[in-house]
Structure formats: C-alpha cells, structure tokens
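Both ligands and their constituent atoms are indexed starting at 1 by order of listing. Computation of the quantities below employed the complete heavy-atom set of this structure, encompassing side-chain atoms and omitting hydrogens, waters and symmetry-equivalent molecules. Worth saying up front: this structure is predicted, and the values here are computed from it rather than measured.
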Amino acid sequence: MNPDPGTGPSTATVSDEPDELLALAVRAARAAGAELMRRYGHIEGLETKSTATDPVSDADKAAEQLLSDLITTARPDDAMIGEEGTDRSGTSGLTWVVDPLDGTVNYLYQLANFSVSVACEDAQGGLVGVVLDPVADRLFSAVRGGGATRLDPSGTTSLRVSDPVPLDRALLATGFGYDAGRRALQGEFVAALLPRIRDIRRFGGAALDLCAVAAGAVDGYFEEGINHWDHAAGGLIVQEAGGLMTHFAPTGHERGWLAAGPSLHAEMAAFAAAPR
Ligand code: IPD
Ligand code: CA
C-alpha cells in the first residue's frame with residue numbers, strides 16, 4: 001500500500017488493521033517532523049536530562065505532544081511510551097513506542113541526520129514501524145511480514161540489507177551513550193574492532209542508523225545502552241529488510257543491540273564472544 005496517505009488532521013478513530021496503523025504512524029510522524037522543522041535553528045527551553053551532554057528542548061517536547069495527541073485521538077485504548085515522558089497504559093494489547101526526536105545533538109547543532117521514530121507493537125513485538133528524516137524528506141517504513149520501504153522525492157524503494165559481507169569488509173555504524181563510564185567501555189570495544197573491519201561511522205541517530213542497515217547503506221549497526229524508543233521502529237525495518245536484530249552486549253550492558261545481514265551478524269557475534 002501507499003504508506004503516505006496524507007498528513008491532514010483527523011479526529012476519526014482507526015481500526016487495528018496494520019495498514020491503518022501504518023497510515024496513522026506516518027501521519028503522526030509527518031506532523032512531528034513538521035514541528036521539528038518549524039523550530040529548527042532557534043532552540044528554546046534547552047535543558048539536560050541524564051547527563052550534562054544529554055539535551056532536551058521545547059522541540060522534543062512539542063513533537064512528542066503532537067505524536068501523543070494524534071495517536072491517542074485515533075487509538076484511545078492503546079498504550080504509549082515516549083522518550084520525553086509519555087507513559088500511558090491501554091487495554092487493546094497494542095503499544096505505541098515513540099521517539100519524537102532521535103539525534104537530538106545533531107538537531108541542536110543544525111546537523112542533518114535526525115528523525116522521528118514511531119512504532120506500534122503487539123504481543124509478538126513490532127507490528128508497524130516508521131522513521132521519518134524530515135530534512136531529506138525520507139520516510140522509512142515496515143509492517144510485520146510486509147517488507148520494508150523508503151519513500152523519498154524520487155519514489156518508493158524496497159529495502160534489502162547487504163548480505164553476505166565478510167567482517168573485514170564491513171562498514172559499521174555505532175553510537176555512544178551519554179554517560180562517561182559507558183562511553184569509555186564502548187570506546188574500548190570499538191578500538192578492538194576497528195583493525196578487523198573496513199571502518200566505523202557515527203552518524204548520531206540510532207533510528208536512522210538502523211534504517212541505513214536496512215537500506216544497505218551500511219553493513220551493520222551495534223550499540224549498547226539504547227532505549228526501546230530508539231530501536232522499536234528501526235529494528236522492525238531492519239528485520240523486514242532481511243536483517244537480524246538481536247541483543248548484543250560485548251561490554252555487558254543489558255540494552256545492547258546488533259543489526260546486520262545474517263552472515264555478518266554471525267561474524268560479529270563470534271568476534272564479541274572471543275577473548276580480547
Ligand atoms: C541518541 C541517539 C544516538 C545514540 C544514543 C541515543 P537521542 O538518542 O540515537 O545516536 O548513540 O544512544 O540516546 O538522545 O538523540 O534521542
Ligand atoms: Ca533517541
């Protein structure tokens with residue numbers, strides 16, 4: 001189906017048909033993305049969260065409010081969690097997992113490469129995932145069992161991870177947490193990995209990193225310490241593009257993930273398990 005049926009406001013409720021949930025996710029992501037672009041370059045209400053380098057501003061909060069309002073109007077019985085504090089229980093069995101602005105530091109510095117991430121999950125996991133890059137007007141989306149696509153001004157493209165890619169030819173994206181101790185451990189692992197691979201990229205947004213894996217723009221992505229809203233939509237998009245998305249904790253963090261095509265995924269898992 002066309003994942004982009006329009007962006008106008010609606011007060012109608014929508015059914016739990018995956019295509020309707022996808023259309024709602026797209027509409028909400030587009031509204032949040034427009035709000036981010038309206039505020040881009042003139043940050044207000046800048047504060048910090050977990051550490052002095054973990055920023056949040058009125059833009060993140062306004063975008064999350066829009067996501068919450070739009071989705072709740074259409075799906076009042078669904079649960080929702082969001083990076084900026086939305087935490088609502090529901091009765092339908094569906095949970096929306098949203099990051100209104102993933103790549104906050106890029107946004108703050110007026111670098112491109114930030115996104116709005118919207119996922120809807122059921123008891124089996126990811127059902128629908130949408131990641132919108134509002135600067136490049138790229139919309140990544142997936143429905144469980146339906147494949148993954150990118151819609152941009154040049155048209156719609158089906159996504160496929162690169163596979164097979166040997167470890168010593170792999171271009172890998174990663175990210176680093178906001179906590180100094182965590183970053184030190186992540187740096188040690190990257191230092192051990194770097195001589196064994198083609199190269200590392202640090203783009204600054206986990207959701208778009210995952211979409212880059214899905215599109216074959218990088219061969220894999222790993223990061224420890226990311227949150228559910230960072231990877232809920234992008235993880236489904238990777239899997240629907242033929243990739244594997246599993247827990248990965250080379251330095252022992254409980255929230256670590258690895259996304260890659262099957263052959264590279266196996267090589268990365270073996271590398272992480274081997275003594276260093
Ligand atoms: C962060 C970004 C970053 C990743 C961090 C995340 P935020 O999310 O996804 O790339 O390395 O772990 O916390 O703070 O920009 O929403
Ligand atoms: Ca995030």
With H228 via side chain to side chain contact (heavy atoms under 4.5 Å, CB included) - residues at least two apart
I81, V97, E121, H231, A232
With salt bridge (Lys or Arg N to Asp or Glu O under 4.0 Å) as the criterion, how do K61 and E64 come out once you've worked through the C-alpha distance, each side chain's angles and the decisive distance to 0.1 Å?
CA-CA 5 Å; K61 294 174 189 167; E64 182 154 315; over 6 Å; no
Residue shell for ligand 1, any heavy atom closer than 4.0 Å, reads E83, D99, L101, D102, G103, T104, G175, F176, Y178, R202, G204, G205, A206, E223, I226, D230
Should V135 and F203 be regarded as members of a common hydrophobic cluster, given that ILVMFWY residues are connected when their side-chain heavy atoms come within less than 4.5 Å of each other, either directly or indirectly?
no
For F271, ring-ring contact (aromatic ring centres under 6.0 Å, His included) partners two or more places apart
F189
If a pair satisfies ring-ring contact (aromatic ring centres under 6.0 Å, His included) and one of its residues is in residues 24-56, list it, with sequence neighbours excluded.
Y40-Y107, Y40-F114
Determine whether E84 and K49 satisfy the following criterion, salt bridge (Lys or Arg N to Asp or Glu O under 4.0 Å), listing intermediate values before the conclusion.
CA-CA 10 Å; E84 304 314 332; K49 296 195 294 187; 3.2 Å; yes
Angle at the Ca ion (ligand 2), OD2 of D99 to OE1 of E83, rounded to 10 degrees, please.
70°
What N, O or S atom of D102 is found closest to the Ca ion (ligand 2)?
OD1
Side chain to side chain contact (heavy atoms under 4.5 Å, CB included) partner of L127, chosen from T95, D122, L236, L22
D122
N, O or S atom within D230 nearest to the Ca ion (ligand 2), by name
OD1
